[in-house]
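First up is the structure itself, then whatever we jot down about it.
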There are 2 protein chains.
Amino acid sequence: MKELQSEYQCAINLVIDLIGGKWKVLLLWHLNEGDKRFNELRRTIPEITKKMLTQQLRELEGHGLVKRTVFEEVPPRVVYSTTDFGRKLQPVLYGMCQWGDDYAEKEGIQMNSCWTGQDFMENKSDLL
Amino acid sequence: MKELQSEYQCAINLVIDLIGGKWKVLLLWHLNEGDKRFNELRRTIPEITKKMLTQQLRELEGHGLVKRTVFEEVPPRVVYSTTDFGRKLQPVLYGMCQWGDDYAEKEGIQMNSCWTGQDFMENKSDLL
DNA sequence: TAACTGAGTTACTAAAGGGTAACCTAACTA
DNA sequence: TAGTTAGGTTACCCTTTAGTAACTCAGTTA
């Protein structure tokens, strides 16, 4: 598990340690849409491997941004959800997405959007 | 130079390609405080090496987030500033910082903040 | 009896990212 | 004459991050 430093010179560095890397922001984004099971996340993000998915979810859980609930059944059922604190990042993620969309439009980059601003706007009152 | 893909499934992925990594968000943050020269940035972020600083600034420039202005003098003077589009990210960066500060407080992580929300609030009207 | 299920783990390998130290230019200073 | 300045470049190496393939478990279906 990636250990955080005991001291940071800038909050930005802490945020990078918490949600940096190729997958974490994406995972938080999709979990903010609703709770998801392990293989559900695999289907939502087909490019991620099982190893990376487990590893990144475990780190997010270790840092208190994601909650992992295991149902003692066979075959097992494990549900991932964002914690209250993880959810507080949603407006930031939404801002990032909007900015990314603007950039894509400006530069003519094609976007097969896996999100719609609409989804966010409908739940905005719960978050802000 | 890191090349962008011609197509993205999610804006988040594009954003990660644009500002991911160890230094870019930090550089944008400091450039949003005001234009800075090369060695000024080195002093502001003492941990960054010359190589990394050049490389990351060049990528930000290549993607249109940062502007590089060379004054033909000896010794040379080079000033970096954020572009209008780069500046549009500031509310997002500010949100990240706030969230990071909250996390640090919650977890008892020490923060020798290199930023104050105050700086941002004073200029907010220009940005939002 | 064999194959399948969901949710992983493990060992190994490949690629990306980042760091170190030496070097460059032209003009100025000691 | 040597050293300093600002703003870099280059070659090399090491570490971190990510990917591949095989394996696990206990129960259920064909």
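Keep in mind it's a predicted model, so treat the numbers as computed, not measured. Heavy-atom basis, side chains included; hydrogens, waters and symmetry copies ignored. So you know, we letter chains A, B, ... as the sequences are listed, proteins then strands, and number each from 1.
When each of A:Thr49 and B:Leu57 is assigned the nucleotide of DNA chain D with its nearest heavy atom, B:Leu57 is the one assigned upstream, toward the 5' end. Map A:Lys50 and B:Lys50 each onto its nearest nucleotide of DNA chain C; the residue landing nearer the 5' end is A:Lys50. When each of A:Trp23 and B:Pro75 is assigned the nucleotide of DNA chain D with its nearest heavy atom, B:Pro75 is the one assigned upstream, toward the 5' end.
In this structure, B:Tyr94 has its ring center at least 6.0 angstrom away from the ring center of B:Trp29.
Between the P atom of D:dA6 and the CD atom of B:Glu73 lies a distance of 12 Å, rounded to the nearest Å. Between B:Arg43 atom CZ and D:dA6 atom P the separation is 7 Å, expressed in whole Å. The separation between A:Ile19 atom CD1 and D:dT17 atom C1' is 17 Å, rounded to whole Å. Rounding to whole angstrom units, NZ of residue A:Lys36 and P of C:dG8 are separated by 16 Å. Residue B:Glu47 contributes atom CD, which lies 14 Å from atom P of C:dG18 at whole-angstrom precision. Atom P of nucleotide C:dT5 and atom CD of A:Glu40 are separated by 17 Å, given to the nearest angstrom. For the pair A:Lys51 NZ and C:dT10 P, the computed distance is 12 Å after rounding to whole Å. Taking atom CD of residue A:Glu72 and atom C1' of nucleotide C:dG6, one finds them 13 Å apart after rounding to whole Å.
Among the nucleotides D:dG19, C:dA26, D:dA6, the one closest to the side chain of B:Val74 is C:dA26.
Remark: the backbone N or O of B:Phe85 is paired with a side-chain donor or acceptor of A:Trp99 at under 3.5 angstrom. Between the side chain of B:Thr83 and the backbone N or O of B:Gly64 there is at least one donor-acceptor pair closer than 3.5 Å. The closest donor-acceptor contact from the side chain of B:Lys67 to the backbone of B:Tyr80 lies at 3.5 Å or more, if one exists at all. In this structure a side-chain-to-backbone donor-acceptor pair under 3.5 Å is present from B:Glu40 to B:Arg37.
Among the heavy atoms of the strands lying under 4.0 Å from A:Val78 are primed sugar atoms or P, OP1, OP2 only; no base atom is included. Across all strands, B:Lys22 comes closer than 4.0 Å only to sugar-phosphate atoms, never to a base (heavy-atom distances). Heavy atoms of A:Arg42 sit nowhere under 4.0 angstrom from any nucleic acid atom. If you check every strand for non-hydrogen atoms under 4.0 Å, A:Phe71 touches nothing. The residue A:Arg68 sits close only to the backbone: its heavy atoms come under 4.0 Å of sugar-phosphate atoms, none of a base.
Regarding contacts with the backbone of C:dA7, every side-chain N or O of A:Arg77 stays at 4.0 angstrom or more from both OP1 and OP2. Within the 4.0 Å cut-off from OP1 or OP2 of C:dG8, at least one side-chain nitrogen or oxygen of A:Tyr80 is found.
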